[in-house]
Visitor: 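Right, I'll just put the structure down here and ask away after.
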There are 2 protein chains.
Amino acid sequence: MTAAQTNPAKLTEYRQRRRACSNCALHCLCFPPSLYDGRRHLEELNLRQRWIKQGDHLFLSGQRLRSLFVVRVGSVKCYDLSPAGDTMVMGFRFPGELVGLDALDAGVHAGYVIGLEDTHYCEIPLSTLHRLQNSRLELRQLVTQLLCRVLADVRSLLQVIRHLDARARLAWFLLNLASRLTGQETIKCEFRLSMDRNDIANYLGLTIGTVSRTLTDYQKAGILSARGKSIQIFDVRALRKLSGSDPAVISLAKH
Amino acid sequence: MTAAQTNPAKLTEYRQRRRACSNCALHCLCFPPSLYDGRRHLEELNLRQRWIKQGDHLFLSGQRLRSLFVVRVGSVKCYDLSPAGDTMVMGFRFPGELVGLDALDAGVHAGYVIGLEDTHYCEIPLSTLHRLQNSRLELRQLVTQLLCRVLADVRSLLQVIRHLDARARLAWFLLNLASRLTGQETIKCEFRLSMDRNDIANYLGLTIGTVSRTLTDYQKAGILSARGKSIQIFDVRALRKLSGSDPAVISLAKH
DNA sequence: CGACGAATTGAAGCTGGTCAAGGAACGTGG
DNA sequence: CCACGTTCCTTGACCAGCTTCAATTCGTCG
């Protein structure tokens with residue numbers, strides 16, 4: 001029995017919060033399975049909830065790593081600048097997703113993160129993270145696991161870009177987005193893109209023209225509707241086939 | 001004064017070994033800065049030094065992760081199989097480089113590793129790693145750092161494939177190889193490729209024809225000589241320019 | 001409503017893929 | 001050591017897909 005359970009009001013608050021965070025990458029940090037006192041634990045975490053406006057930076061390349069960030073509401077874009085000044089989009093982060101992990105070795109951010117819209121986030125100070133890693137055994141593996149997942153993500157993007165053509169890349173991108181936006185197994189068939197065509201093109205290693213043309217093709221085929229930034233997917237299975245999730249299609253894309 | 005220093009013969013052996021391993025990714029695991037007894041420490045690590053023949057697998061996808069591996073002599077290829085059965089080359093590992101890290105979260109290897117030639121390696125049991133992480137504070141960060149480095153590597157490959165054309169990709173690949181083969185800052189201008197053209201093409205997201213043609217172009221330009229698997233680089237600066245290390249060139253490759 | 005940036009669309013050109021043929025290198029067995 | 005077969009590599013011709021550049025349309029916000 002936890003201390004939170006001794007006070008019905010606080011217990012309710014605690015439970016609500018726990019449910020709201022259920023899709024968070026760091027859920028097990030804030031809400032460990034067995035706790036002496038859930039509420040007090042949350043307070044000791046020293047979490048800060050803040051927000052940035054569209055176009056504000058969460059951090060810049062070269063800045064010291066002080067905290068990890070988790071998007072709560074909104075979305076951000078992670079990008080690098082090439083020596084020549086071209087932006088190179090590394091990815092996008094949506095509610096529940098973590099930002100800043102890759103700076104853990106150098107202690108310095110290797111890229112920029114900017115809000116694609118007004119975005120709320122949690123900030124977890126590094127000191128808190130380290131303290132918890134020392135005291136709680138199950139958290140010692142957490143960072144490793146999260147890093148492995150980021151690595152797997154980058155690798156799948158790499159595979160997509162190496163082996164799939166423009167149509168398949170875009171299909172993959174849309175499906176990826178549609179499933180991440182729900183934070184669950186399901187797929188969101190109607191949503192607004194928070195990034196522009198340029199960002200999508202750059203991310204997928206294409207040009208804006210190709211992205212636009214391909215979207216038009218999809219619409220002509222009745223697979224989806226794309227009016228500006230609002231997307232409506234009509235035929236998920238067709239997208240899946242195109243994206244190469246379908247084994248029969250992947251074999252067509254072999255090198 | 002360490003115990004090893006009390007015995008001149010053993011001290012010499014220890015020092016030789018330490019030097020031989022100086023380029024190893026896990027050097028600080030085997031040879032921590034301050035040690036009571038270097039030799040005994042090495043014995044307690046329970047390292048195994050083994051080897052595989054060309055074409056043998058170090059491990060298969062789906063196998064349980066039992067150890068990490070470090071290449072000592074030779075080279076290996078890391079690859080995946082697509083659902084359709086096509087191989088997708090993830091990378092190559094040379095002496096001093098680590099293999100198996102990315103399986104740390106699932107505990108199961110997500111890819112295959114095969115010897116490109118007869119290859120000697122060190123095997124570090126997971127249990128040893130965990131024991132050391134618990135007892136030695138500085139090693140607790142080691143895995144994180146190594147993972148971050150792997151992540152950075154994959155990302156740079158991603159950038160190369162997204163933003164550079166065939167000539168630049170190959171130039172980048174050769175320079176990357178040439179510097180990793182020395183294990184230092186310097187570049188090895190004469191070496192043998194241990195992988196075939198197919199592997200290179202797949203790795204760089206090209207076809208074997210393009211790789212071959214591009215190499216021929218380089219030779220016609222007097223930049224290098226490539227007779228089969230033996231490479232001789234004549235003009236490192238030209239390669240650097242082509243690869244996009246040169247800011248003036250990167251700007252040409254913008255999307 | 002008007003103006004600006006973002007997105008679409010078209011035409012032309014180029015890079016790299018595909019397919020097929022020929023040649024070099026390598027290992028094996030006589 | 002040579003003949004042979006196999007695998008790997010090179011080269012050529014042709015073509016598809018994507019990029020480039022420019023013109024037009026859409027959409028959003030003051």
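In this text the structure is predicted, and so the values were computed from the model without any measurement. In what follows, every heavy atom counts, from backbone to side chain, and hydrogens, waters and symmetry copies are set aside. Lettering follows sequence order; numbering is per chain, from 1.
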Visitor: How many Å lie between CD1 on I208(B) and C1' on dT10(D), as a whole number?
Guide: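 Interatomic distance, CD1 of I208(B) to C1' of dT10(D): 9 Å.
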
Visitor: Taking CG from L193(A) and P from dA6(C), how many angstroms apart are they, rounded to a whole number?
Guide: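 So the CG-P distance, L193(A) to dA6(C), works out to 15 Å.
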
Visitor: Measure from CD on E117(B) to P on dG27(C) and round the result to the nearest Å.
Guide: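 Spelled out: CD on E117(B) to P on dG27(C) is 13 Å.
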
Visitor: Can you measure L215(A) atom CG to dT9(C) atom C1' for me and round it to whole angstrom units?
Guide: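 Distance check: L215(A) CG to dT9(C) C1' gives 14 Å.
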
Visitor: What nitrogen or oxygen pairs link the protein and nucleotides 14-16 of chain C at under 3.5 Å?
Guide:
| from | atom 1 | to | atom 2 | distance (Å) |
| --- | --- | --- | --- | --- |
| dG16(C) | OP1 | A166(B) | N | 2.7 |

Visitor: Restricting to side chain to side chain contact (heavy atoms under 4.5 Å, CB included), what partner residues turn up for A110(B), sequence neighbours left out?
Guide: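 Applying side chain to side chain contact (heavy atoms under 4.5 Å, CB included) to A110(B) gives none.
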
Visitor: Could you go through F191(A) and L193(A), starting from their C-alpha distance and side-chain angles, then the distance that decides it, and tell me whether this counts as side-chain contact (heavy atoms from CB on, under 4.5 Å)?
Guide: CA-CA 7 Å; F191(A) 55 91; L193(A) 296 170; 3.8 Å; yes

Visitor: Under the salt bridge (charged side-chain N to carboxylate O under 4.0 Å, His left out) rule, collect the residues that match up with R213(B), sequence neighbours excluded.
Guide: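 Checked R213(B) against salt bridge (charged side-chain N to carboxylate O under 4.0 Å, His left out); zero matches.
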
Visitor: Please state how far atom CG in D217(A) lies from atom P in dG17(D), giving the value in whole angstrom units.
Guide: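 Rounded to the whole Å, the gap is 11 Å.
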
Visitor: Between N or O atoms, less than 3.5 Å apart, protein on one side and nucleotides 12-15 of chain D on the other: list the pairs.
Guide:
| from | atom 1 | to | atom 2 | distance (Å) |
| --- | --- | --- | --- | --- |
| dG12(D) | N7 | R213(B) | NH1 | 2.9 |
| dG12(D) | O6 | R213(B) | NH2 | 3.4 |

Visitor: Treating primed atoms plus P, OP1 and OP2 as sugar-phosphate and everything else as base, which nucleotides of nucleotides 23-30 of chain D get B, S or - for protein heavy atoms under 4.0 Å?
Guide: ----S---

Visitor: Could you tell me which residues satisfy side chain to side chain contact (heavy atoms under 4.5 Å, CB included) with L175(A), sequence neighbours excluded, listed by chain and number?
Guide: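 Checked L175(A) against side chain to side chain contact (heavy atoms under 4.5 Å, CB included); matches are I187(A), V236(A), L239(A), R240(A), S243(A).
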
Visitor: As a quick check of understanding, evaluate side-chain contact (heavy atoms from CB on, under 4.5 Å) for L206(A) and T214(A), giving each step before the final call.
Guide: CA-CA 11 Å; L206(A) 299 169; T214(A) 308; 5.9 Å; no

Visitor: Look at the side chain of T216(A) and decide which nucleotide, out of dT11(D), dT8(C), dA7(C), has an atom nearest to it.
Guide: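 For T216(A), the side-chain atoms sit closest to dT8(C).
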
Visitor: Hey, does the side chain of N202(A) reach the backbone of T87(A) with a donor-acceptor pair shorter than 3.5 angstrom?
Guide: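 Side chain of N202(A) to backbone of T87(A): a pair is present.
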
Visitor: If we ignore hydrogens and angles and just use 3.5 Å, is the side chain of T182(B) paired with the main-chain N or O of S179(B) as donor and acceptor?
Guide: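 At least one qualifying donor-acceptor pair exists.
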
Visitor: Filter on salt bridge (charged side-chain N to carboxylate O under 4.0 Å, His left out), then keep only pairs touching residues 179-192 of chain B, sequence neighbours left out; what's left?
Guide: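 Qualifying pairs, neighbours excluded: E97(B)-R180(B).
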
Visitor: Could you work out, with salt bridge (charged side-chain N to carboxylate O under 4.0 Å, His left out) as the rule, every residue matching D102(B), not counting sequence neighbours?
Guide: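 Partners of D102(B) by the salt bridge (charged side-chain N to carboxylate O under 4.0 Å, His left out) criterion, ordered by chain and then number, come out as R155(A).
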
Visitor: Carefully, step by step, assess K77(A) and M195(A) under the rule side-chain contact (heavy atoms from CB on, under 4.5 Å).
Guide: CA-CA 8 Å; K77(A) 169 175 80 174; M195(A) 71 293 293; 5.8 Å; no

Visitor: Rounded off to whole Å, could you give me the CG-to-P distance for the L170(A) and dC18(D) pair?
Guide: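 It is 11 Å, rounded to the nearest whole Å.
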
Visitor: Would you mind telling me which of dA7(C), dT11(D), dT9(C) lies closest to the side-chain atoms of S212(B)?
Guide: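 From the listed options, dT11(D) comes nearest.
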
Visitor: Could you give the CG-to-P distance, from N202(B) to dC8(D), as a whole number of Å?
Guide: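 So the CG-P distance, N202(B) to dC8(D), works out to 14 Å.
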
Visitor: Do any N or O atoms from the side chain of R162(B) and from the backbone of Y203(A) form a donor-acceptor pair under 3.5 angstrom?
Guide: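 Yes; at least one donor-acceptor contact below 3.5 Å.
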
Visitor: How far does the helix from dC1(C)-dG30(D) to dG30(C)-dC1(D) bend, going by the axes of its first and last five pairs, to the nearest 10°?
Guide: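 Answer for the end axes of this duplex: 40°.
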
Visitor: Filter on salt bridge (charged side-chain N to carboxylate O under 4.0 Å, His left out), then keep only pairs touching residues 223-239 of chain A, sequence neighbours left out; what's left?
Guide: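 Of all non-adjacent pairs touching residues 223-239 of chain A, none passes salt bridge (charged side-chain N to carboxylate O under 4.0 Å, His left out).
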
Visitor: Between L116(A) (CG) and dA6(C) (P), how many Å, whole number?
Guide: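 That distance rounds to 13 Å.
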
Visitor: Keeping to residues at least two apart or across chains, list the ring-ring contact (aromatic ring centres under 6.0 Å, His included) pairs with something in residues 204-227 of chain A.
Guide: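 Found none.
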
Visitor: Would you be so kind as to tabulate the donor-acceptor pairs closer than 3.5 Å made by side chains of residues 55-74 of chain B, with sequence neighbours excluded?
Guide:
| from | atom 1 | to | atom 2 | distance (Å) |
| --- | --- | --- | --- | --- |
| D56(B) | OD2 | K53(B) | N | 3.2 |
| H57(B) | NE2 | Y79(B) | OH | 2.6 |
| Q63(B) | OE1 | L60(B) | N | 3.2 |
| S67(B) | OG | E123(B) | OE2 | 3.0 |
| R72(B) | NE | Q49(B) | OE1 | 3.4 |

